[in-house]
Amino acid sequence: MKIGVVVFPGSNCDHDCQYIFQDVLGQKVEMVWHKETLRPGLDAILLPGGFSYGDYLRTGAIARFSPVMTAVKAFANKGGLVMGICNGFQILLEAGLLPGVMLRNTSLNFICKDVFVKVENAATRFTNHCESGQVLKIPIAHADGNYYTDPVTLGGIKANAQVVFRYCTAEGKVTPEANPNGSLDNIAGIMNAEGNVLGMMPHPERCAETVLGNEAGRLIFLSMLETLHKPQLTVV
Amino acid sequence: MKVKIHVTLKQGILDPQGKAIEHALDSLGFKNTANMRVGKYMEVDVNEPDRAKADAQVKAMCEKLLANTVIEDYRYELQ
Amino acid sequence: MKVKIHVTLKQGILDPQGKAIEHALDSLGFKNTANMRVGKYMEVDVNEPDRAKADAQVKAMCEKLLANTVIEDYRYELQ
Amino acid sequence: MNASVITKAVLEQHKLSEEEYKKILEILGREPNWTELGMFSAMWSEHCSYKSSRIHLKKLPTTGPRVVQGPGENAGVVDIGDGLCAVFKMESHNHPSFIEPYQGAATGVGGILRDIFTMGARPIALLNSLRFGGLDNANTRHLLKGVVSGIAGYGNCMGVPTVGGEIVFNDIYALNPLVNVFCLGIAKRDKIFLGKAAGVGNPVIYFGSKTGRDGIHGATMASDSFDEEAAQKRPTVQVGDPFTEKLLLEACLELMSGDCLVGIQDMGAAGLTSSACEMASREGTGVELDLAQVPRREPGMTPYEVMLSESQERMLMVATAGREDEVIKICRKWDLDVAVIGRVTDTGKVVLTENGQVVAEVPAKALADEGPRYDRPSAPPAYQDMLQALNYDALPDVKDANAALLALLDSPTIASKRWVYEQYDHMVRTNTMVRPGSDAAVLRVKGTNKALALSVDCNARYCLLNPYEGAKIAIAECARNLACSGAEPIGVTDCLNFGNPQRPEVMWQFLLAIEGLKDACEAMNVPIVSGNVSFYNETNDLSIYPTPMIGMVGLIEPADRAVTQWFKQNGDAIILLGNTREDLGGTEYLKVLHHREQGSPPLLNLDTEKAVQACTIHLIREGLVQSAHDCSDGGLAVALAECCISGSGERLGAMVQLSLDGLRRDALLFGESQSRILLSVKPHQEERVLSLAKEAAVPAAKIGTVGGNRLVVQVAGDQRIAGCTVDQELTALHEQWARAIPRALGQD
Ligand SMILES: Nc1ncnc2c1ncn2[C@@H]1O[C@H](COP(=O)(O)OP(=O)(O)O)[C@@H](O)[C@H]1O
Ligand SMILES: [Mg+2]
């Protein structure tokens, strides 16, 4: 399996994503510089977290014009697996590959901590290793994770089971107290209607190893690999 | 030519920053303020002698990059 | 009364945001833009019928909270 | 050249004494021009030349088998095996943070990051030490919020986790807060880069941001036409651009992965002047620079302004001649400004030209190394005896231990710092094994079986009361924090924050602190490999407490042996290593409950300290320890409470029995005797642990058991029944401790 990790100027979780797929899950990883295009042979594309273009103007607003994004869109439109984590999610929103926008956290502060998210849809290409309703502890680290969209779009993505993760309590209750950033409907992650593009604010790559004390994030990467149907999957 | 651009949140869209500032004003004793909305203000030089062309260009800049028209409105003045 | 407030960076102060946006505009093909500076624009209702008092209040709000006068200038209009 | 107007006033504005000016005349054999004067002024400033401290810093132990690079370069370098090195340093940004807390703190982080990646290391961790006034003061709240968001704004954007730090609140810092930032990076042992202008004829290349009129100090009249408008154009506040710095970091590391780079240095204090002079001076070469080639943000800048600008995110490098295009290509890839601005010469001089005219010509060594050195007079302050005289008999013993404990947990100095570190990305780069909130942060080193533990510490009140003991304790406490995670200390960096060195009492504090650092480092066998001195921390003639901040790095192997400070399991035995004495002088308890900052600080026996730490590390490596936490601010009772409530998971209570043994109750519960560590161990290993401690001649006793949802501390041998024991629900303790800072900020 070969995963492309896009490097925007200001990306800073690119190495973390590379490490997980390459060193932890034993896959091939290709780092893709944003001024280049995608080379053939990639099985999935990851847009990593960070501060592309310093998050200046709006998060993701400038990165979406990076040359590589044309190829990423084409890849997605052909049904390729695309995942955006944190800033990657914000870029997918600005690029129109996912619906909605990110507003500033209601506290206005950057927040870095473990949160709980509930797997609302376990029948996706990104969550097939999870149980429906399963509660995952995953860290967040962002200043703009306050998801917003208009009521019609919201109705659509809910009806279509596109809400993949919602912030919840440790017991799995979706409450306002469990919402760290003011996100609409406690949304932590959504996918597109076709189910091949996922954006999520929490960082699964930060919790996929025993040495870091939490392996919940591994479920998401294993789901992706499973989707890509390659029998030679080796987990080291 | 100098161009002044205002980008503001559309009505009805939550403005976390405005809300926080309003709250801060309140605790500073400015109790009589309401409906604080925070937007962006940009000034930029556009080197285009033809006014109509400049107008079209600035509009394009706003639509494409400077504003996210899902949640934001923009207006501008050429000088 | 509605008050409109502009907060801008003082002359000579680096504006990283403006720089990045200018660069982005450039790579989008808007090659003729320069000196992009980004500031804040706020609208707020101040419930104070006396204009002079309102003026003094808004000034105090800017000095105390809305502008960082070490690096920013502000101006406002009452309506 | 316009050199005839160097008056007394001009020298004063440039902070040069007449003596110093005479020396300049001698060196040059003529009058300096404006630009040259400005360059001398900057390089001979206290900040750059260490003129009041240099002769004393020499006493510090700086060598050891692991030391690859000691003081003198941008950062210290220590070998950690596996072909890797830890590169680290600490710096202050106190004054800028007081003027503009957000940008001051942000650019402080930017500066220390550059010091680290200049050496060829990828930064993997930041820590910070902060000092503010009391939170009842509105301006202090403003400063705290600004500084924390500035550190967050810069570090988060860079993708370097801020994994720890410390904060103390004391009114003495109200008008002179301290912002010290520490950074650690990892480099390959054979790929360390130094700031050297080697190879005559090699190009000198500028890259990074453009040069603006930021932070030009001293002489506002440097341009002959000084007026209001000119002053307006010169912002003294530098604005940080972390995005550009991130590009600079990646560009540097890419440049360094090849072989075209000869030497490199960031432009920090004194900007282009210091990087050019220092690079030439270190190598004994000269440089010739054409200022017209320097990328500029604004038109009309004078040579003086270009040379003294402190615009951020800039670097100077010397590359191999003929490889310029490669260098330029990499810089452009990362969207950075880049220009060849000169070349290396063999003249020993820094020669600046603009449009063919020489605008300055000075010997590099004279500027960089031959600045003035002072052995300033020192004398104890008149009030020192009064400070140390504490009449214990006049202090009533604690009446309500519960209330006293709650009051201490509510003190922002002791309270949870979650409000702060939640704003810092402390997990990016996925190395953080122990996050902020335990005694030391622990990071695994990828590709090895090792982990590094990091801590910053200084109890400045102890240093005020006894600068020698206080400095010793700073080293001991920092090492103790590392030991509690299972790490052996391998290197120290310091940031010595003091008042005005021209005051004998400040110099007295400084000299004693240096002695303390020296003795403690020698005893603990750990070298100081980098550091920084920040003098003139005084406002309205009031000096801060002497604050010799210590940053220490420790090594854990194997990585998975690292432990944290909170209790893990019901039924575990609680063991206290070390002895408790009547150490109430200078304690947080005295300050909070009795409003006194007085007495002698706790006595530290370095041999005992070493034994306790070595024992703890040994027990942890043997896998016998579930949790380890040292007793510091607030003493045993606070340490026990923290063991119960500081974890992020389920909170575990404890039942503890202590005996007075002739001590005061408050000394037993809240005294700050040194060299004490609280362990929790599995019940079946209790005996083994106690006997290993005995073998190591370390005092050890089981004092209680983990369990329940209360902290109960009973004091045997106390005649009084009620009020002298601690008995609290954990939720109450946690509420008090966890919400104290938000409460003080009005954000609860
Ligand atoms: N207190 C100290 N202890 C040990 N070394 C010090 C101390 N203060 C300064 N140094 C060393 O002196 C050199 C100059 O320090 P500094 O001027 O802070 O560096 P920079 O020029 O990068 O800001 C550095 O190598 C630093 O490590
Ligand atoms: Mg340096």
Side-chain angles (χ1 to χ4, degrees), chain B residues 1-11 15 17-50 53-68 72-79, chain C residues 1-11 15 17-50 53-68 72-79:
Chain B
M1 114 188 23
K2 175 137 307 308
V3 182
K4 299 181 171 179
I5 304 165
H6 288 82
V7 177
T8 49
L9 279 175
K10 282 193 157 86
Q11 249 195 350
D15 178 5
Q17 218 177 337
K19 244 173 87 176
I21 296 179
E22 202 176 302
H23 184 81
L25 283 172
D26 195 83
S27 57
L28 280 176
F30 302 108
K31 304 273 178 205
N32 56 349
T33 59
N35 304 321
M36 165 66 83
R37 305 283 286 174
V38 182
K40 291 186 197 103
Y41 171 67
M42 295 172 240
E43 287 185 1
V44 63
D45 293 336
V46 175
N47 187 2
E48 171 55 69
D50 182 320
K53 276 196 195 154
D55 192 283
Q57 174 179 337
V58 175
K59 192 172 157 63
M61 282 161 41
C62 289
E63 287 281 337
K64 257 194 137 166
L65 180 68
L66 303 180
N68 180 340
E72 292 170 329
D73 291 324
Y74 63 88
R75 63 193 157 84
Y76 56 85
E77 306 149 42
L78 313 178
Q79 271 185 346
Chain C
M1 117 185 23
K2 171 134 323 286
V3 183
K4 298 181 172 179
I5 304 166
H6 288 83
V7 177
T8 51
L9 280 174
K10 284 196 158 93
Q11 238 201 345
D15 179 3
Q17 190 167 202
K19 204 173 98 181
I21 297 175
E22 198 177 305
H23 186 83
L25 285 172
D26 193 83
S27 52
L28 280 178
F30 302 109
K31 304 272 177 202
N32 58 347
T33 59
N35 303 322
M36 164 68 82
R37 305 280 287 175
V38 183
K40 280 190 211 107
Y41 170 68
M42 293 170 247
E43 288 185 1
V44 62
D45 293 334
V46 175
N47 187 3
E48 171 55 71
D50 181 321
K53 275 196 195 152
D55 192 285
Q57 174 179 338
V58 174
K59 192 172 158 64
M61 282 162 40
C62 289
E63 289 280 338
K64 273 193 145 157
L65 181 72
L66 305 181
N68 177 351
E72 292 173 330
D73 291 325
Y74 63 88
R75 62 194 157 83
Y76 55 85
E77 306 149 40
L78 313 178
Q79 275 187 340

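Naming: A, B, ... by sequence-line order, numbering from 1 per chain.
Residue pairs meeting the salt bridge (charged side-chain N to carboxylate O under 4.0 Å, His left out) criterion with at least one member in residues 32-42 of chain B, sequence neighbours excluded: B/Lys40-B/Glu72.
Applying the 6.0 Å contact sphere to NZ of B/Lys2 captures more than 12 heavy atoms from other residues, nucleotides or ligands. Within a 6.0 Å radius of NZ in B/Lys59, other residues, nucleotides and ligands contribute 12 heavy atoms or fewer.
Of all the listed residues (C/Val38, C/Thr8, C/Val7), the one sharing the greatest number of non-hydrogen pairs under 4.5 Å with chain B is C/Val38.
Within residues 17-25 of chain C, the residues having any heavy atom less than 4.5 Å from a heavy atom of chain B are, in residue-number order, C/Ile21, C/Ala24, C/Leu25. Close approach to chain C, defined as a heavy atom under 4.5 Å from one of its heavy atoms, is seen in B/Tyr41, B/Met42, B/Glu43, B/Val44, B/Asp45, B/Val46, B/Asn47, B/Glu48 of residues 41-48 of chain B, taken by number. Using a 4.5 Å cut-off between non-hydrogen atoms, the part of residues 60-67 of chain B that approaches chain C consists of B/Ala60, B/Met61, B/Lys64, B/Leu65, B/Leu66.
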